[in-house]
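Every chain is numbered from 1 and lettered A, B, ... according to where its sequence line falls, protein lines coming before strand lines. When reading the values below, keep in mind they use all heavy atoms of this one structure, side chains included, and skip hydrogens, waters and symmetry mates.
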2 protein chains.
Amino acid sequence: MGHSRADKAQTHERLVEAAATRFREKGLDGISLADLMKELGLTHGGFYKHFASRDALVAEAVEYAYTEGERTVAGLVDDQGQFDLARYVDFYLSDSHRDAPGSGCAISALSADISRRDEDTRSRYRQQLDGIFTRIGASFPGDKAEQRKQAIALMTRMYGAILIARGAGNSELSNEILQTVREQLYAALPNQA
Amino acid sequence: MGHSRADKAQTHERLVEAAATRFREKGLDGISLADLMKELGLTHGGFYKHFASRDALVAEAVEYAYTEGERTVAGLVDDQGQFDLARYVDFYLSDSHRDAPGSGCAISALSADISRRDEDTRSRYRQQLDGIFTRIGASFPGDKAEQRKQAIALMTRMYGAILIARGAGNSELSNEILQTVREQLYAALPNQA
DNA sequence: ATTATCTATAGATCTATAGATAATGC
DNA sequence: ATTATCTATAGATCTATAGATAATGC
């Protein structure tokens, strides 16, 4: 079997990571605990030594996905170490991001599911969304209020585009949507310093 | 019991209608056949005299929701009988549309679920989305290609806004998103004739 | 001795089917 | 006679728990 305390911590982490991927791919109800444990080569009985309930795993996995998203954004910097908004748009509206929701933005992948969850989950979601508006807004000129409006404008366009591009699968229409919105957003980006 | 052929046709229709509502509210897997039948005052055993499978109901219910959406759009006309795009934006980004997905736009309510379904469902979705771009595009000036780009621009913004407004529930942030995007879209509407 | 994981299972829920019941409609 | 709906249930699946097993770690 093999089960040191270090193993347990690692199993916990691997569970959260696998869940964060599968939940974004298949939805928060889209994978069973048995299948998830099987994916790690474990049996389902051991699950509750790691989490009090399935909901507890959901909470940790969503948290993990949020943090992963923040790291992705933080890594998109230009030569001067400034956040590169154009690269973010490129990534966000790419075919690969559309086709791999499991490693992509949690907001677009999980908003519909989260809107059907409890208030705690939605409250945490609001906090995350608010932080995104603040971080993205910083790339725009103007005062805080104007920056925030620009961030809301940009993000709603990307969320809407990837939502329907995913609904349309990998298709001509889906590619058209992504490309069209990419072009429109390039035109709306602030001039680079 | 009461069960004429007319009753059967009515039961079928009521099932599709109730499913179209609950699926948009709770997701395509969010309500069981037993609960759906109970909602109509029926027991679950009779379901399969109406549909070959649960998936068959999903297909009909999604179809129903699409058609309902088209009727809603078709009803938004101004004094001259022209489609009133401003009223559409108003309706789409309203608090009431956010809070009542069951009677609202099927695209924003079901895109995430549909992206996880079979190719037939996604193919039908593409057809619906393409039709929406054509109909909405007709309100914009320019050639077909330009109209289509404008329609994609408008619709992605509305889809993205309602997606995250719903994730954020009925909250200050949610209201801010809806209001901000409404204002931005008013400014982008074509001048009325 | 402790504990991470495994085996086994309880209890709930879900889709689907079989056969009974009570109306309709020829 | 036909059939829309009901009762009952099979079979699958899911979350959660109990107790056994085989390692770790004092």
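Between A:Arg54 atom CZ and D:dC14 atom P the separation is 9 Å, expressed in whole Å. Rounded to whole Å, atom P of C:dA8 lies 17 Å from atom CE of A:Met37. The distance from atom CD1 of B:Ile31 to atom C1' of C:dT15 is 14 Å, rounded to the nearest whole Å. D:dT15 atom C1' lies 9 Å from atom NE2 of A:His44, rounded to whole Å. Note: CZ (B:Arg14) to C1' (D:dT5) measures 13 Å, nearest angstrom. Between A:Phe47 atom CZ and C:dA8 atom C1' the separation is 19 Å, expressed in whole Å. Whole-Å rounding puts the B:His12 NE2 to D:dT5 C1' distance at 16 Å. Between the CD atom of A:Gln10 and the P atom of D:dT24 there is a distance of 14 Å, rounded to whole Å.
Between B:Cys105 and B:Tyr92, the closest heavy-atom pair is SG-OH, 3.0 Å.
Nearest nucleotide to the side chain of A:His50, out of D:dA16, D:dT7, C:dT5: C:dT5. Comparing C:dA16, C:dT5, D:dC6 against the side chain of A:Leu42 picks out C:dT5 as the nearest. Residue A:Lys49 has its side chain nearest to C:dT5 when only C:dT7, D:dA8, C:dT5 are considered. Listed nucleotides D:dA8, C:dA4, C:dC6 differ in distance to A:Lys8; the shortest reach to its side chain belongs to C:dA4.
With hydrogens and angles left out, the side-chain atoms of A:Thr121 and A:Asp118 include a donor and acceptor closer than 3.5 Å.
The residue among B:Thr11 and A:Ala52 whose nearest nucleotide of DNA chain D lies closer to the 5′ end is B:Thr11. The 5' end of DNA chain D is approached more closely, in terms of each residue's nearest nucleotide, by A:Asp35 than by the other of A:Asp35 and A:Gly46.
Using N1 to N3 plus N6-O4 or O6-N4 for Watson-Crick, or N1-O2 and O6-N3 for G-U wobble, each under 3.5 Å, C:dA8 pairs with D:dT17. Nucleotide D:dT2 is matched to C:dA23 when pairs are restricted to Watson-Crick or G-U wobble geometry with both distances under 3.5 angstrom.
In terms of phosphate contacts, B:Ser32 brings a side-chain nitrogen or oxygen within less than 4.0 Å of OP1 or OP2 of C:dC14. Checking the phosphate oxygens (OP1, OP2) of D:dT17, no side-chain nitrogen or oxygen of A:Tyr48 falls inside 4.0 Å.
Under the 4.5 Å side-chain heavy-atom criterion for ILVMFWY residues, a single connected hydrophobic cluster contains both B:Met155 and B:Tyr186. Linking ILVMFWY residues whenever their side-chain heavy atoms come closer than 4.5 Å, directly or via other members, places A:Leu40 and A:Phe47 in the same cluster.
Each of A:Arg148, A:Arg126, A:Lys149 was compared with B:Glu176 under the salt bridge (charged side-chain N to carboxylate O under 4.0 Å, His left out) criterion, and only A:Arg148 meets it.
In this structure, B:Thr43 reaches the bases: a heavy-atom distance under 4.0 Å links it to at least one base atom across the strands shown.
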